[in-house]
Protein chains: 2
Amino acid sequence: MDARKALALWHRVAVESLSHDLAELNQRQTAILLEIYLGEPPHTVRGLARRLAISKPAVTRALHRLEALDYARRKVDESDKRSVLVQRTVKGSVFLRDFADRIGGLAKEAGL
Amino acid sequence: MDARKALALWHRVAVESLSHDLAELNQRQTAILLEIYLGEPPHTVRGLARRLAISKPAVTRALHRLEALDYARRKVDESDKRSVLVQRTVKGSVFLRDFADRIGGLAKEAGL
DNA sequence: GGCTATCATTTCGCCGTCGAAACGACAAGC
DNA sequence: GCTTGTCGTTTCGACGGCGAAATGATAGCC
């Protein structure tokens with residue numbers, strides 16, 4: 001896939017996303033959501049902050065939002081009660097699967 | 001490209017975007033930027049609002065931002081002075097080319 | 001010329017997010 | 001058991017975006 005086609009795909013997805021649930025999430029929240037579901041667990045606040053190169057308060061705020069939407073869940077780490085483990089939810093899994101299908105469809109339309 | 005790979009690509013791009021200029025734009029601003037550069041001209045406020053299914057004031061506000069960053073330019077339509085034509089800039093073209101290259105690179109890494 | 005429609009913008013109050021700093025809870029070292 | 005360090009959260013003031021409604025300018029129609 002060359003850069004031109006990749007950009008065209010990004011265009012389609014960006015426009016499409018405005019009309020769906022993803023419009024409720026900003027860029028950071030989206031990136032965190034994807035990191036939680038596609039990245040290597042376990043996920044902690046500091047870990048997400050480091051991987052995404054953003055501040056810890058920003059991660060905390062984004063998790064508030066994701067938790068309110070039932071896209072993520074918090075659980076204190078029993079082996080270190082200062083740490084918080086960020087976990088996936090069923091609703092989040094379903095949402096991301098649907099989103100993946102939409103992206104895949106757009107990619108197919110774009111001839112990728 | 002199947003849905004799974006498309007989602008993995010989206011993940012990489014979303015994370016990567018946080019560290020670059022695209023982080024300064026929200027989802028609507030990003031979609032409008034891409035529509036201006038990849039969509040069929042001419043672009044007017046009402047046209048963009050219709051294509052992206054958002055309100056005209058939202059388009060106006062987003063254009064303020066894009067203009068401030070020199071990613072877009074306004075020009076009144078001489079044939080209908082109520083209309084505004086949205087035009088591309090050199091800086092925007094360069095920015096999008098660089099961004100396309102980064103996406104393309106990530107796609108290659110992801111084996112697409 | 002006057003009436004109405006259309007285009008884009010501005011205004012209004014409201015809400016969410018921002019970075020930086022302060023904070024409370026827990027852990028680790030001595 | 002104190003001190004120091006780490007983890008996550010909350011607070012603070014400021015800023016920007018939101019939808020809905022009002023506004024100004026231009027066009028079209030009779």
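Lettering of chains follows the sequences in order, A, B, ..., and the numbering in each one begins at 1.
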Just the rounded figure in Å: distance from [atom2] of [N] to [atom1] of [X].
{"X": "B/His43", "N": "C/dC7", "atom1": "NE2", "atom2": "C1'", "answer": "18 Å"}
{"X": "A/Arg61", "N": "D/dT10", "atom1": "CZ", "atom2": "P", "answer": "11 Å"}
{"X": "A/Glu78", "N": "C/dA27", "atom1": "CD", "atom2": "P", "answer": "10 Å"}
{"X": "A/His64", "N": "D/dT10", "atom1": "NE2", "atom2": "C1'", "answer": "9 Å"}
{"X": "B/Lys75", "N": "C/dC7", "atom1": "NZ", "atom2": "P", "answer": "19 Å"}
{"X": "B/Ile32", "N": "D/dG17", "atom1": "CD1", "atom2": "P", "answer": "11 Å"}
{"X": "A/Lys56", "N": "C/dA21", "atom1": "NZ", "atom2": "P", "answer": "15 Å"}
{"X": "A/Leu25", "N": "C/dT17", "atom1": "CG", "atom2": "C1'", "answer": "13 Å"}

Presence of [X] side-chain N/O under 4.0 Å of [N] phosphate oxygens OP1/OP2:
{"X": "A/Arg74", "N": "D/dT9", "value": "yes"}
{"X": "B/Arg28", "N": "D/dC18", "value": "yes"}
{"X": "B/Ser83", "N": "C/dA8", "value": "yes"}

inquiry  = If you assign each of B/Arg46 and A/Gln29 to its closest nucleotide in DNA chain C, which residue comes earlier from the 5' end?
reply    =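 It is B/Arg46 whose nearest nucleotide is closer to the 5' end.
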
inquiry  = With nearest nucleotide decided by heavy atoms, which residue, A/Ser55 or B/Val59, maps closer to the 5′ end of DNA chain C?
reply    = B/Val59

key: Shortest side-chain distance from A/Arg82, nucleotide among D/dG5, C/dC7, C/dT10   = D/dG5

message = From the set C/dC7, C/dT10, C/dA8, return the single nucleotide nearest to any side-chain atom of B/Pro57.
response = C/dT10

ask   = Within the structure shown, what part of the strands sits under 4.0 Å from A/Glu24 by heavy-atom distance: base, sugar-phosphate, or nothing?
value = nothing

request  = Tell me, yes or no, whether the heavy-atom count around B/Lys108 atom NZ, taken from other residues, nucleotides or ligands under 6.0 Å, exceeds 12.
outcome  =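 No, NZ of B/Lys108 has 12 or fewer neighbouring heavy atoms, counting only those of other groups under 6.0 Å.
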
Polar side-chain atom of B/Arg12 near backbone of B/Ala107 as donor-acceptor pair, under 3.5 Å = no

query = Quick one: OG on A/Ser17 to CG on B/Leu52, what's the gap to the nearest 0.5 Å?
reply =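 Going from the OG atom of A/Ser17 to the CG atom of B/Leu52 covers 11.5 Å.
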
inquiry  = Can you tell me how far apart OG1 (B/Thr89) and CG (B/Asp70) are? Round to the nearest 0.5 Å.
reply    =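 Atom-to-atom, B/Thr89:OG1 and B/Asp70:CG are 4.5 Å apart.
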
message = Test side-chain contact (heavy atoms from CB on, under 4.5 Å) on B/His64 and B/Arg74; report intermediate values, then the result.
response = CA-CA 9 Å; B/His64 285 161; B/Arg74 282 178 170 97; 3.4 Å; yes

